[in-house]
Amino acid sequence: MSADPTRPVIRIRDLSTRFGETWIHRGLELDVARGELVSLVGGSGSGKTTLLRMVIGLLTPTSGRIELFGEPLFGGGIGRERALRQRFGVLFQHGALFSAFNVYDNIAFPLRELRRYDEGAIHDLVQLKLSMVELLPRHGRLMPSELSGGMVKRVALARALALEPELLLLDEPTAGLDPDRSDSFVRLIRMLSEELGLTVMLVTHDLDTLAALSTRVAVLAEQKILAYGTTEEIIAVDHPFIRNFFLSERSVRALQNSRPAAVPH
């Protein structure tokens, strides 16, 4: 499907979310342009993961509008919504692999659900996805319980990429990984985003991940996107959360040591 490069991949307008008497978001607005790698940050309970779940259609906002690729996320029938969802992939925080399936069948699952490929084609595609995340064919025989934390993330990423999405959504992609595995996984995400031309939105609290990946940062505070821009632009905003998150000694060191993410053309 052809895409208008000037149209935001994600467009959120006047979004409000309430659970019982508690408002999580009020009048939230956000645009994510094609090719951007956007990190969504905010304090505990600020609604970051809730917003991500709304973008992928797992939750419905109280009011407001979410568009993906210029189309409304909700409405228009099951067929239209299903076709739209095939254009993005999701990596959940703990991988969310099917514990009863081996690695091969976890990656093959979305391909089989699509009912567009025979088993020979599915085999070739699964091997390709394993290679893309730097795993070997023999790893396909392993069960999730046999995987290290880093391998779980890679398998989940391979499954997220199975349908060749244009948009990749990541929930705390490096949570639970030691520094070396975290750095390796971040390099892999950055490499794949560049090679595949992906647009990426990730929820993270990790400064090293944010600094290494992001072209832009969206700060969720006070029930809205308080600030949105490059890291340098965000740091210039005078707000208690931004000062605490970005300007601590550790944060400044992480930002200085990171390799800047490539700015999309």
Side-chain angles (χ1 to χ4, degrees), residues 1 3 9 34-37 52 55-58 68-69 82-177 180-204 209 212-213 261-262:
M1 183 180 299
V9 171
R34 187 167 300 277
E36 295 277 14
L37 286 81
L52 189 71
V55 170
I56 63 180
L58 291 180
L68 299 183
F69 313 105
R82 183 176 295 148
L84 191 63
R85 282 166 172 75
Q86 289 171 10
R87 298 177 68 183
F88 64 80
V90 185
L91 173 62
F92 295 98
Q93 180 172 346
H94 300 294
L97 299 180
F98 298 113
S99 60
F101 292 174
N102 64 17
V103 165
Y104 180 99
D105 288 330
N106 263 281
I107 300 170
F109 182 82
L111 295 164
R112 289 172 174 152
E113 285 291 295
L114 197 59
R115 298 181 181 179
R116 190 181 297 167
Y117 305 102
D118 61 31
E119 281 299 317
I122 288 173
H123 175 271
D124 292 343
L125 287 168
V126 170
Q127 300 309 318
L128 173 62
K129 303 309 174 183
L130 283 169
S131 175
M132 287 170 62
V133 299
E134 301 173 349
L135 294 177
L136 300 173
R138 62 181 173 81
H139 293 133
R141 298 189 294 271
L142 297 176
M143 298 300 291
S145 60
E146 299 177 286
L147 303 177
S148 67
M151 289 180 71
V152 167
K153 299 279 190 180
R154 288 172 184 264
V155 173
L157 180 59
R159 186 178 63 183
L161 296 173
L163 299 182
E164 300 185 358
E166 303 161 62
L167 170 65
L168 184 61
L169 299 144
L170 312 171
D171 187 11
E172 298 285 3
T174 56
L177 299 181
D180 287 342
R181 286 187 172 89
S182 178
D183 289 346
S184 177
F185 195 57
V186 164
R187 285 194 298 271
L188 177 63
I189 294 171
R190 186 169 59 212
M191 178 190 72
L192 289 172
S193 70
E194 293 172 355
E195 290 183 353
L196 302 176
L198 297 171
T199 303
V200 179
M201 186 167 86
L202 62 144
V203 170
T204 186
T209 300
L213 279 178

Problem - Test side-chain contact (heavy atoms from CB on, under 4.5 Å) applied to F69 and L167, step by step - result: CA-CA 9 Å; F69 313 105; L167 170 65; 3.9 Å; yes

Problem - Trace of the side-chain contact (heavy atoms from CB on, under 4.5 Å) decision for L188 with M132 - result: CA-CA 9 Å; L188 177 63; M132 287 170 62; over 6 Å; no

Exercise for the section: Go through the steps for L163 and L111 under the test side-chain contact (heavy atoms from CB on, under 4.5 Å), then give the verdict. Expected result: CA-CA 7 Å; L163 299 182; L111 295 164; 3.7 Å; yes

Practice task
In sequence, state the C-alpha distance, the side-chain angles, and the governing distance for L147 and L97, and then conclude on side-chain contact (heavy atoms from CB on, under 4.5 Å).
Solution key: CA-CA 11 Å; L147 303 177; L97 299 180; 4.0 Å; yes

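For E172, the side-chain hydrogen bond (donor to acceptor under 3.5 Å, both in side chains) partners at least two apart in sequence or on another chain are H205. Judged as a side-chain hydrogen bond (donor to acceptor under 3.5 Å, both in side chains), and not counting sequence neighbours, the contacts of E119 are R112. Scanning for side-chain contact (heavy atoms from CB on, under 4.5 Å) contacts around N102 gives Y104, D105, M143, with sequence neighbours left out. Partners of R85 under the side-chain contact (heavy atoms from CB on, under 4.5 Å) rule, at least two apart in sequence or in another chain, are L73, F74, E81, F88. By the ring-ring contact (aromatic ring centres under 6.0 Å, His included) test, F109 pairs with F98, sequence neighbours left out. Take T174 and apply the side-chain hydrogen bond (donor to acceptor under 3.5 Å, both in side chains) test, not counting sequence neighbours, and it matches T209. In this view, R141 and R138 satisfy the side-chain contact (heavy atoms from CB on, under 4.5 Å) rule, not counting sequence neighbours. Every residue two or more places apart in sequence or in another chain that forms a salt bridge (charged side-chain N to carboxylate O under 4.0 Å, His left out) with R154 is listed here: E134. For L130, the side-chain contact (heavy atoms from CB on, under 4.5 Å) test picks out V103, I107, V126, Q127, L135, with sequence neighbours left out.
Sorted by first then second residue, the side-chain hydrogen bond (donor to acceptor under 3.5 Å, both in side chains) pairs that include residues 143-153, not counting sequence neighbours, number zero.
With contacts defined as side-chain heavy-atom distances shorter than 4.5 Å, the pair V186/L213 qualifies. Contact of the T204 side chain with the D171 side chain is not registered, since no non-hydrogen atoms from C-beta on lie closer than 4.5 Å. At a threshold of 4.5 Å between non-hydrogen side-chain atoms, the residues L177 and D183 do not count as touching. At least one side-chain heavy atom of Q86 sits less than 4.5 Å from a side-chain heavy atom of L114.
Side-chain atoms of R34 never come within 3.5 Å of backbone atoms of G197 as a donor-acceptor pair (strictly under, hydrogens ignored). With hydrogens and angles disregarded, a donor-acceptor distance shorter than 3.5 Å links the side chain of H139 to the backbone of L136. Of the possible donor and acceptor atoms, one in the side chain of N106 sits under 3.5 Å from a partner among the backbone N and O of F101. One N or O on the side chain of R190 and one on the backbone of A212 form a donor-acceptor pair closer than 3.5 Å.
Here the CG-CD distance, from L196 to E166, works out to 11.5 Å after rounding to the nearest 0.5 Å.
Taking all atoms of both residues into account, the shortest heavy-atom contact from G95 to R159 is O-NH2, 3.1 Å.
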